[in-house]
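This report refers to the structure that appears directly beneath it.
For the numbers below, each heavy atom of this structure counts, side chains included, while hydrogens, waters and symmetry mates do not.
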Amino acid sequence: MKKINKNQLKQLVEAALFVADSPMTKLALRDTILAEFTVSERALNEVLKELVLDYQPRGIQLVEVASGYRFQSLDSLSPWLSRMWQESAPRYSRAMLETLALIAYRQPITRGEIEAVRGVAVSSNIIRTLTEREWIKVVGHKEVPGRPSLYATTRQFLDYFSLKSLADLPSSEVFEALDDNEPSPSTATLEAPSESDRAIETANIKREENE
Amino acid sequence: MKKINKNQLKQLVEAALFVADSPMTKLALRDTILAEFTVSERALNEVLKELVLDYQPRGIQLVEVASGYRFQSLDSLSPWLSRMWQESAPRYSRAMLETLALIAYRQPITRGEIEAVRGVAVSSNIIRTLTEREWIKVVGHKEVPGRPSLYATTRQFLDYFSLKSLADLPSSEVFEALDDNEPSPSTATLEAPSESDRAIETANIKREENE
Amino acid sequence: MAEEQQEPVVSTPIQQPLPLAFINGEAVIEKPEDLYIPPDALEVILETFEGPLDLLLYLIRKQKFDIVTLPVAAITVQYMEYVEVMKTLKLELAAEYLLMAAILAEIKSRLLLPRRSDEEDDEEDPRAELIRRLKEYEAVKEAAQTLDEQPRMERDIFAVKADVAESVQPLRIEPDVSLQEIVLAFSHAMKRAAAFEHHTIEREALSTRERMSQILAQVNGETYTPLDALFTLEEGRAGVVVSFLAILELVKEQLLMCVQTGPFARIHVKLGRHEED
């Protein structure tokens, strides 16, 4: 059995914990990298303790978990580190878009009322997704049996669609036009009045902008 | 854009490089963890330089390879660290290494040209293995009959050998010296025939290229 | 250089132990001047050559010749002996070895031809091309060896990785939605619901509905909120009108109830509907 000086021991233990695929116990260290060295329990403990201290001010930390020692990122850095992994959420379903549209146009509205219009149940998943995206929120409860939540759109919803207020949502004539024209968007006659109407209305609404 | 102090920047960059699955360039750091901060190029360079220095005496090192910055274990610890895995590192045959060396130093190069220098056929197996390891790739085709593939090394090749660029390849002088000699008229007696001979030779090899 | 004219020792076969070593896959053989080597061992040696150039280089190095002076005759003899052994062993003799034999023979014959008297002719040294190839191949061989010695992943250096803290969550990229999609979705929903009249959704109503949401968020079901608290005078008349319409609509939809304790007293509102209606 060979001797190993403390500095080498520290480098070796440090490197091993960093290259290991999972946390390593002191026993695992002894069975692998330290197999040919005589290392006292005290020396090993000391080195581990020093490493914990060395990394205290750094972006990663040496921690002891149930299955051994491992290096992990500093908890407070997580909001930024999270950006290193991005996953794209799937596109919204028709049910999701219709629910959102009904909440936007008919707010405040209960889930039951949405279901009444759509003729099908609204899944909790849809409500959760829209709530998590902070596009809708509960603004109150309808005082009927069961006190269902009343949903409305949020400031974030308006911001996302660059709307100053809900009044800027295209009106029924516009979407009639949109719908009819879907294959051929050339018909301007239907769009024209909505433009001027909008101007008047925008003037009316201006004051609400920074409520 | 938010400000970030130097200590926080250092911690964040350090943690990111440690948790990343592959080397990270400065651009990748800016696109992810630093996306919401104003960080000058100088500040980022400084932090990276400091991190390199901080880890110099440790068991792991911060190095810059072709695809960016990464932490890696200290070269000299490998005899012990390799005990952490059951299987030993793959060994490569001389034929494979010579082929790889030729592609690295003479890229872009055709299989026929490799064969002309080595004096033997290059097995398809070698090309396949090198391609599968993503060490070499086809970068084009030579405009001669048969349009043979032109091979070059990849960033992964440089990463694997811990190199930042092709210029860091060891003993590239040997090849440079050879190249310099070729057109030099002083050694005309020796070099003169080589040009024409090579042409004949290349022609001979042509057939093999696409076997 | 001094030994350039030294002829190789083509000795008679002497049985001797085979000092054979492999360094990095390269056969290092101390003095196998004779070719009397156990056949299976020879096979191993021959297979370690990476082709005719490699074998030639080995022969040159073994005899301490200088590549530049390449004593073709001597080398050819030795080379042919190896090739003969390969043949007798029925080794799968690569065509490249035979091609090289032909090249050597050709060079040898050209060297034997009497040279013309005029020194200045451009008759090139027949060995030149072979020498160039040998030098080039030797450089490749060296480069391959250096490359093999270069620290590399898996063998000398290992990737380092720290775990991420539990709180690191992948950033979710939410899908994009266009305003047009929302408008169309509403239109579709409305069309399906025959009971609804499209025109009831007026623009005027939308600003009212928005205000309804705002008011609902302001009041609660436990305590009464003074009605005047729901008006913001700074908004001007239009704003007050919108609020008023919103309150009326909320009462109509039985979401809000208004209470007035006496004539001209302050009106209060709270969530809920008038039971006594």
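- With chain C as partner, the option from B/R133, B/M96, B/Q61 having the largest number of non-hydrogen pairs under 4.5 angstrom is B/R133.
- If you measure heavy-atom distances from B/R70 to chain C, the contacts under 4.5 Å come from the side chain alone.
- Ranked by non-hydrogen atom pairs under 4.5 Å with chain B, the options C/G51, C/A162, C/A159 are led by C/A162.
- Side-chain contact between B/V117 and C/L53 is absent, with no heavy atoms from C-beta onward closer than 4.5 Å.
- Only the backbone of B/L74 has a heavy atom closer than 4.5 Å to any heavy atom of chain C.
- The two atoms that bring C/R133 and B/A116 nearest to each other are NH2-O, 3.5 Å, heavy atoms only.
- Other residues, nucleotides and ligands place no more than 12 heavy atoms under 6.0 Å from the CZ atom of B/R155.
- Inter-residue side-chain proximity for C/K141 and B/R94 is flagged as met; some heavy-atom pair is nearer than 4.5 Å.
- Separating the CZ atom in C/R155 from the OH atom in B/Y92 is a distance of 9.5 Å, to the nearest 0.5 Å.
- For C/D156 against B/S73, the heavy-atom pair with the smallest separation is O-OG, 4.4 Å.
- Neither the backbone nor the side chain of B/P79 comes within contact range of chain C; no heavy atom of the residue lies under 4.5 Å from a heavy atom of that chain.
- C/Y137 places a side-chain heavy atom less than 4.5 Å from the side chain of B/E98.
- C/E50 approaches B/A95 most closely through the heavy-atom pair OE1-CB, 3.3 Å.
- With a threshold of 4.5 angstrom between heavy atoms, B/A20 approaches chain C through N, CA, C or O but not through any side-chain atom.
- Minimum interatomic distance between B/S162 and C/I157 (heavy atoms only, all atoms of both residues): CB-CD1, 3.5 Å.
- For chain C, the nearby parts of B/D21 are the backbone and the side chain; heavy atoms of each come within less than 4.5 Å.
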